[in-house]
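Data block below; observations after.
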Amino acid sequence: MTSACCSTASIIRPTRSASATHSSRCSISSTAATTPRQCRQEPPMRSSAPRSNVAFSLQEVPRRGSHIRASHPRDDRELKRDYRKTLNLPVTEFPMQAGLAKSEPRRVAWWQEQRTYERRLDRNADAQPWILHDGPPYANGELHMGHFLTMVVKDIFVKIALLDGKWAKFVPGWDMHGLPIELETLRHLGITDFHVIDPLELRARCKERAVFWFERQRDVRMRMGTFGDYEHPYRTIDPSYESVIVETLADLAEQNQIYKGLRATLWCFHDETALAEAEIEYEMKRSPSIYVRFPFDQEQRAALMERVGGPSTPLRSARDDKAVSVLIWTTTPWTLPGNSGVALHRNAVYALYDIGDEIVLLAEDLAAEALRERYSGAKKIAHVYGERLEGLEVRHPLFDRTAKIVLADYVDLETGTGAVHTAPGHGAEDFETGMAYGLPIRSPVDAAGRFTSEAGPYAGLRVLDANAKITDDLRAAGMLLREQEIEHSYPHCWRCHNPVIFRATSQWFISMDRNNLRARALAAMDNVAYTPEWGRERQRQMIENHPEWCISRQRTWGTPIPAVTCIDCNTSVLDARVARAAARRFAEVGADAWWSDPIERYLPQGFVCPSCGGTRFTAERDIVDIWFESGVTHLAVLGRNGLPWPSDAVLEGGDQYRGWFRSSLMTAAAIRDAAPYKHVVKNGWVNDEDGRPMSKSRGTGIDAQEAMERWGADVLRLWAASVEFVDDVRFGPHVIEQVARVYRNIRNRVRFMLGNIGDLPPDAIVPRAALGPLDALAYDYATRRFDEIAQAYDAFDIHAAYLKIVEFESEISALYFDAMKDPLYSRAAADVRRRAAQSVLLYALRGFLAAIAPVLSFTAEEAWQALPQTLRDAASVFELVLVRDDARDAASEERWKMLRHLRAAVSASSELRDFEAKAQLRLSPTHASALEPFTNEDLREALAVSQLEIAISSAFGNARMPGVVVSPAEGEKCARCWKYRELGADPEHAGICAECARVVRERLSGD
RNA sequence: GGGCCGUUAGCUCAGCUGGUUAGAGCGCAUGCUUGAUAAGCAUGAGGUCCCUGGUUCGAUCCCAGGACGGCCCA
């Protein structure tokens, strides 16, 4: 227990009386004289007690250290002699001020010139590959801090593998097709309707724009200090890549995995395209909220009565002239023209209420809320389970047709009436229900969101504008029970931010369940590791709930789906032979050819329509979903150029469970029947300092380039390591300032090591086996910490590595560096004791630079280049190897802790500082054996005191840590080394100790 | 509304399978140093471990409910 040893220390610690004795000696002597030098040294602005400008009075406590010189006025001349020049003070070109913003771009260029990354890859070429496969950022806009985090963490992993000797080739990639770029380009061109521009012209403009952003993002990404094959990145717009996309479509078509079908798809009528799930965002929207009657006519009413309870039903007793209707609730009045049914929940209780002049049917649980004030006077006249009502019909409130009552599981009893208006053409679930019941699929809305003639009186109106008119008509027809407005979250287009609608259109789909694709994808996950582990469950749910994958888009900037339409029968055909012809063609000249070539070029000999045998075809103009494009990166990049398939790891933000992680898994399961990666690592979201999200689409994200100019990439890289990147993290000036201080600590410790080993000749390096116990202790301590850092890296735990890095540099600085200053500075330059300490510093520096290089790449390289050439046995810090420790030595760790404790105890137990002190250690036999390797002088050196005595006795108890007693040092302060010694042995150097005098003489004779 | 994740000092984070005076770094305060000096060393203050219940001899840790924040979905 540490408390026991502390109390021991406090009992034996010299009390204030000891200090008082010391002080009184000072004050007496200080009256004698004050040297001019001392006067100059008085800091005028010290905040401590104001000092009179005359000599010390008897009452004043003098500044420590002043008494010695004062008590020996005869030494004035010696004191003036500048012994400082005879010391080996640290010298290095490695500046304290980093100036990262200026130096980093030069370092990036240097790495390029030196081909640092490629050279290390070559060196590791025969080793096991370790491949992190890059998920492509979208080439549109500036990179924000979310990008920075993902990109830098990837880079840290790559560099860890690299320094561990693995062939860690990283191929960066970009996602460069798609609607956002197309819209951006159109905006740039001032075009609102994309139909008016020639597709090839538009594609050329889009390409320019995509390439512009690619180059910009590539430069910024390199500016982050990331390594990768930037000369050969993969890009989804490259002919070779487009070819792979189409080749994959051919494979899927061959497997009959793709089909064309009518679907209620999310549709953006502003952009006139179908949207994938991943392309919508939920935003708040004001919508009408209306309760609408679907009336029963006489015949229908009779059928209802049968179901509700036969002839004896109380409904019979209700007056026949009272109208009966089922009440539905909707926030999208415009979907009513598409209505085909009313869905109820099988197990919910529905009741008929007489509310005065009419009878309404709705879920019992919701009646009070839905009927409001009319509920108080309502009379419940019957109730029945939903399933009893299946198959009944009601009248449409506006059109002269019927709607069928159906059952659906998604009907909820939280809001509305429990009776859900169902328009199969305007909702995904409605569509499923419609298909199940054979309801007509109406979608009387065109691509631009206007009603078609099928919508009768509403034809030509934009759907959202039609809400008001439809509501008016309902009111006029007496079908509107209640109306209000609500604010709710509603799907919007991720890019143009307009509300989206569901619309039934003809689209290409990848079937999830043909060939058991879904099941095979789930099975493939078994061989994948997930960080965090719960990501597996998240991923599983995403696959299980994956709807049919709509891969077609009615747009221009993308890779064409090489399908053809039979001119005779209008059948749409995706034939693998046609697709392969396209893949070959695109590989040579790019996908523009699809728009410029005659279709005959792609048709195999004797190609006929499978439906009607026709021979004339037109090329379809749909392009493929960009999630499909990025979903085949593993096919385009891995398994070639020496890269293995699958990759060892992928790392992206958590949104990619639904995005790229999923799309990659689906294509891999379909084509290779295996997962495209072995490990899925997720990184968190970057929030601002208040924990609020920084959204890229709303422009509140902090620009990575700007941040690097302000703080330097290395400080930001350290930030990435200082936070738990797996979780959501916070970013902002306050957080970065804190990290910047840690950075300065690290930098200064590196600087200390560099400064003290500059004159170490390689042949004077002392090997581990020849080190004395104290140096060996530091050596072993460093080795253990380096090993822990490497182990944390092995586990992808960058944050744990960061903590170990900080622990190491602050610990070794406080104990070893501080204690080594005396031998390093005051011993003869070539003294073996000094060489030993230098050797340990060199070892520690090498190991430390290797350990921090994955994170602090710029600083590690800068420090490595600041090493004297004679000690720099590698061209770059990235040639080094992570230090591992085979034999962990618990006794050594315990000794380190003991010394740390003793050092703290010396400082704590008196006002005496460092060499003013003489320490007495009070050791129990257990302590003594723990400290067995150390000589008295080793311990004296470690504790940086002038003298040290050791007392061993079982009377000192069994506390875990030894006690220590501190008293004033004996002798006088050596003007050179500052230790307290007998002075004056050398008459020419009367103010310094014998050892210093010898060093000074040697030095002078040497010069 | 549903699923998942998180909540430990001012900040960034440790705390292994329940028992510790709950730790580290940075910041802060104080002292020392001025031969790492826009640096270094030491000491100290600072926590109802989000809240409420429960299980247990004992809960930061397990269970339930809730609050707040985030992600994904509806």
Side-chain angles (χ1 to χ4, degrees), chain A residues 1-3 41 43 47-48 63-65 82-92 94-97 277-278 280 282 410 412-415 428-429 488-491 532 534-535 537-539 541-542 545 653-659 682 684-687 689-693 718-719 721-724 726-730 732 734-756 799-800 802-807 809-811 813-815 817-822 824-826 903-909 911-914 916 944 976-978:
Chain A
M1 297 283 280
T2 49
S3 57
Q41 283 183 328
S47 60
S48 50
R63 289 171 56 82
R64 264 182 285 273
D82 199 355
Y83 284 113
R84 191 176 189 277
K85 287 177 182 160
T86 69
L87 296 169
N88 317 297
L89 294 178
V91 178
T92 177
F94 186 77
M96 179 178 286
Q97 299 271 309
E277 282 182 274
I280 60 170
Y282 283 82
Y410 54 80
D412 81 275
L413 296 175
E414 301 290 327
T415 50
E429 290 169 330
H488 62 156
S489 100
Y490 186 88
W534 56 259
E537 179 58 20
R538 186 64 167 266
Q539 179 85 79
Q541 287 179 10
M542 291 299 176
N545 300 328
D655 52 336
Q656 301 303 333
Y657 286 121
R658 188 182 181 74
K682 161 251 178 188
W685 226 243
V686 179
N687 292 329
E689 288 192 313
D690 302 322
R692 290 180 34 191
L718 192 62
W719 162 78
S722 79
V723 295
E724 187 45 88
V726 175
D727 301 329
D728 291 351
V729 301
R730 293 182 184 208
H734 182 235
V735 175
I736 295 303
E737 287 308 326
Q738 174 186 308
V739 175
R741 284 185 285 262
V742 176
Y743 174 83
R744 273 179 240 132
N745 277 356
I746 293 173
R747 189 174 178 90
N748 272 301
R749 272 79 191 244
V750 167
R751 183 161 180 267
F752 179 83
M753 290 186 265
L754 279 170
N756 280 295
H799 179 72
Y802 166 83
L803 293 176
K804 293 291 177 190
I805 286 168
V806 173
E807 180 189 342
E809 54 102 7
S810 56
E811 274 276 299
S813 171
L815 180 56
F817 291 1
D818 209 46
M820 285 307 102
K821 286 197 278 193
D822 175 51
L824 286 166
Y825 297 171
S826 61
R903 180 156 173 127
V906 167
S907 303
S909 56
E911 298 274 288
L912 298 166
R913 291 298 142 199
D914 297 335
E916 292 170 17
R976 183 170 176 277
C977 72
W978 294 350

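Sequence lines set the chain letters: A, B, ... in the order given, protein chains first and strands last, and positions in each chain run from 1. Since the model is a prediction, treat every value here as computed from it, not as a measurement.
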task: Look at the side chain of A:Arg538 against the base of B:C71 and say whether a donor-acceptor pair falls under 3.5 Å; ignore hydrogens and angles.
output: yes
query: Under the criteria of a ring-centre distance below 5.5 Å and an interplanar angle below 30°, is A:Phe817 stacked with the base of B:A36?
result: no
- prompt: Are any of A:Arg658's side-chain N or O atoms less than 4.0 Å away from OP1 or OP2 of B:C73?
  reply: yes
query: Given the C1' atoms of B:C4 and B:C28, what is the spacing between them in whole Å?
result: 38 Å
message: Which nucleotide wins on minimum distance to the side chain of A:Leu89, given the candidates B:C41, B:C71, B:G35?
response: B:G35
- prompt: Roughly how many Å is it from CD in A:Glu916 to P in B:C41, rounded to a whole number?
  reply: 18 Å
query: Expressed in angstrom and rounded to an integer, what is the separation of A:Glu807 atom CD from B:A24 atom C1'?
result: 8 Å
message: By the 4.0 Å heavy-atom rule, please label A:Thr92 as base, sugar-phosphate, or nothing.
response: nothing
query: NA contact type, A:Ala944, heavy-atom cut-off 4.0 Å: base, sugar-phosphate, or nothing?
result: nothing
query: Using 4.0 Å as the upper bound for N to carboxylate O, is an ion pair formed by A:Asp818 and A:Lys821?
result: yes
message: Need one value for A:Gly691: base, sugar-phosphate or nothing, where a base atom within 4.0 Å counts as base even if backbone is also close, heavy atoms only.
response: sugar-phosphate
query: Touch check for A:Leu803, heavy atoms < 4.0 angstrom, all strands: base, sugar-phosphate only, or nothing?
result: sugar-phosphate
query: NA contact type, A:Trp719, heavy-atom cut-off 4.0 Å: base, sugar-phosphate, or nothing?
result: nothing
- prompt: Taking CG from A:Asn745 and P from B:C11, how many angstroms apart are they, rounded to a whole number?
  reply: 20 Å
task: Remember a base hit wins even if backbone is also touched, and classify A:Asp727 as base, sugar-phosphate or nothing at under 4.0 Å, heavy atoms.
output: nothing
task: Describe the nucleic acid contact of A:Glu724 in one word from base, sugar-phosphate, nothing, applying a heavy-atom distance below 4.0 Å.
output: sugar-phosphate
- request: Have a look at A:Arg976 and say if it touches a base, only the backbone sugar-phosphate, or nothing, with a 4.0 Å heavy-atom cut-off.
  value: base
field: Spacing of the C1' atoms in B:C51 and B:G69 (rounded, Å)
entry: 15 Å
- request: Between A:Trp534 and A:Arg741, just flag the one whose closest nucleotide in RNA chain B comes earlier from the 5' side.
  value: A:Trp534
- prompt: To the nearest 0.5 Å, what is the distance between CH2 (A:Trp719) and CD (A:Gln738)?
  reply: 13.0 Å
message: What's the closest nucleotide to the side chain of A:Val735 if the choices are B:C13, B:C26, B:C11?
response: B:C11
query: When you compare B:A36 with B:G18, how far apart are their P atoms, in angstrom units rounded to a whole number?
result: 49 Å
message: Just to be sure I understand the rule, does A:Gln97 reach a base, reach only the sugar-phosphate, or reach nothing, if contact means heavy atoms closer than 4.0 Å?
response: base
